[in-house]
Amino acid sequence: MNRRELLKTLSLSTVAVTAFKPLQALADSDTKPIVLSTWYDQHLANIPAWNILKQGGNALDAVETGVQVCENDIENCCVGLGGNPDRNGIVTLDACIMDHKHNIGSVAALERIKNPIRVARLVMEKTQHVMLAGQGAQDFAVSEGFELQPTDLSDHAQKAFRNFQKKNDIDYINIEKKKDTNTNKPDYFNVNGFNHDTIGMIALDAQGNLSGACTTSGMAFKMHGRVGDSPIIGAGLYVDNEIGAATATGHGEEVIRISGSHLVVEFMRQGYSPKEACKKAVERIKKHTPRNLNKLQIGFIALNKKGEFGAYSLQSGFDYAVYSATLQNEKFDSDFLIG
Ligand code: SD4
């Protein structure tokens with residue numbers, strides 16, 4: 001029985017009143033600080049984040065520093081400038097950041113800038129706005145001292161792009177023929193298979209404050225100009241310091257459709273555990289997506305104010321890494337809804 005069910009059961013009896021106290025005490029002693037991030041393959045990102053947290057640093061600095069490990073890794077297929085390009089051969093980056101005071105910053109469709117998460121933080125701290133996109137985001141980054149990087153694709157991205165072009169006979173009309181069986185719309189993901197390695201990182205610091213960061217090169221071979229969930233506060237990431245934090249990976253369109261990360265946090269507010277909250281959000285996607293579910297993947301991770309964490313995904317294969325005083329960057333396999 002999970003905590004919420006237990007609380008419900010307890011509230012039905014008078015015994016509950018006395019039984020509630022020890023349970024609360026147990027919850028209060030949960031782990032802090034703690035950091036977790038999507039996809040175990042990227043667990044090295046947790047290390048600098050943990051180093052900041054264990055020295056009493058704040059969660060915002062931890063997540064911003066942590067995800068840059070992936071942004072700086074030119075071998076990473078799906079985060080930073082080494083990531084896969086869009087169908088025009090251009091790498092466009094999406095990122096957002098949120099702290100314990102509801103401060104938010106985001107960049108979308110950012111080109112030729114190495115660390116979109118740092119730009120997102122500067123949007124948050126130095127502008128009156130919360131989101132900058134495209135050329136304007138790049139101009140802002142340059143004005144803040146970021147260097148414009150070359151447009152060359154990384155070796156692996158070049159190879160992947162060539163394969164993509166070959167598979168589709170360089171003629172994008174062929175992509176249009178590969179339709180989602182439910183929506184009858186072109187299905188780019190099905191052309192490319194699953195391609196999910198966005199890093200979403202959420203942390204609770206020793207002071208009890210939550211923050212999160214999310215950064216990606218987005219869906220490989222997307223239409224030029226397409227923006228996913230990752231830079232959208234409430235979709236790819238959400239933090240409410242009274243309740244918890246959540247972040248998403250996978251098919252961004254479906255995460256946006258249900259305001260996924262915000263929904264997970266709201267489910268936690270209702271008393272669901274982090275894992276149950278993630279599960280309910282995945283079920284919501286199942287209920288509302290017009291697309292063929294079997295060809296989608298979505299994963300959420302969540303962390304509550306007490307340091308309890310959990311995850312849930314649509315399909316098998318989603319994992320994540322957790323670093324705390326007791327969990328040394330441990331791998332967790334997410335439970336999932338369908339085969
Ligand atoms: C997107 N959510 O652009 C991102 C993709 C992703 O791991 O998560 N990749 O839709």
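Atoms within a ligand are numbered from 1 in the order they appear, just like the ligands themselves. Bear in mind that the values here come from a model prediction, so they are computed numbers and not experimental data. Residue indices begin at 1 and follow the sequence shown.
Listed by number with element, the atoms of ligand 1 under 4.0 Å from a non-hydrogen atom of Met219 are 3 (O). Residue-ligand proximity, Arg226 to ligand 1, at heavy-atom distances under 4.0 Å covers atoms 1 (C), 3 (O), 10 (O). Which parts of ligand 1 touch Ser230 is read off a 4.0 Å heavy-atom cut-off, strictly below it: atoms 2 (N), 4 (C). Remark: ligand 1 atoms within the under-4.0 Å shell around heavy atoms of Gly218 are 3 (O).
Checking Trp39, Phe300, Phe336 one by one against Phe318, the ring pair (Phe, Tyr, Trp, His ring centres under 6.0 Å) holds for a single residue, Trp39. With respect to Ile34, the side chain to side chain contact (heavy atoms under 4.5 Å, CB included) criterion is satisfied by exactly one of Asn46, Val322, Ile202: Val322.
Between Asp94 and ligand 1, no N or O atom pair is found at a separation short of 3.5 Å. Taking only nitrogen or oxygen atoms, main chain and side chain alike, Ala248 does not reach within less than 3.5 Å of ligand 1. Residue-to-ligand polar distances keep Thr216 apart from ligand 1: every N/O pair is separated by 3.5 Å or more.
Not one N or O on the side chain of Glu111 forms a donor-acceptor pair closer than 3.5 Å with the backbone of Thr92.
Scanning for side-chain hydrogen bond (donor to acceptor under 3.5 Å, both in side chains) contacts around Ser143 gives an empty result, with sequence neighbours left out. Scanning for side-chain hydrogen bond (donor to acceptor under 3.5 Å, both in side chains) contacts around Ser259 gives an empty result, with sequence neighbours left out.
Which of Val79, Thr38, Ile298, Thr198 comes nearest to atom 7 (O) of ligand 1 through a heavy atom is settled by distance: it is Thr198. Of the candidates Ile232, Asp229, Val255, it is Asp229 that places a heavy atom closest to atom 2 (N) of ligand 1. Here atom 4 (C) of ligand 1 lies nearest to Gly250 when heavy atoms of Gly250, Gly228, Gly236 are compared.
At a heavy-atom cutoff of 4.0 Å, ligand 1 is contacted by the backbone of Asp197 but not by its side chain. In Glu254, neither the side chain nor the backbone holds a heavy atom less than 4.0 Å from any atom of ligand 1.
Listed here is the closest heavy atom pair of Val227 and Ile256: O-CD1, 4.2 Å.
Ligand 1 is never approached by Cys78 to a heavy-atom distance shorter than 4.0 Å.
Phe309 and Phe332 have perpendicular rings, their planes meeting at more than 60° on a 0 to 90° scale where under 30° would count as parallel. Note on ring orientation: taking the six-membered ring where Trp is involved, the planes of Tyr238 and His102 are perpendicular (angle over 60°, cut-offs 30° and 60°).
By the 4.5 Å heavy-atom criterion applied to side chains, Ile113 and Leu148 are counted as neighbours.
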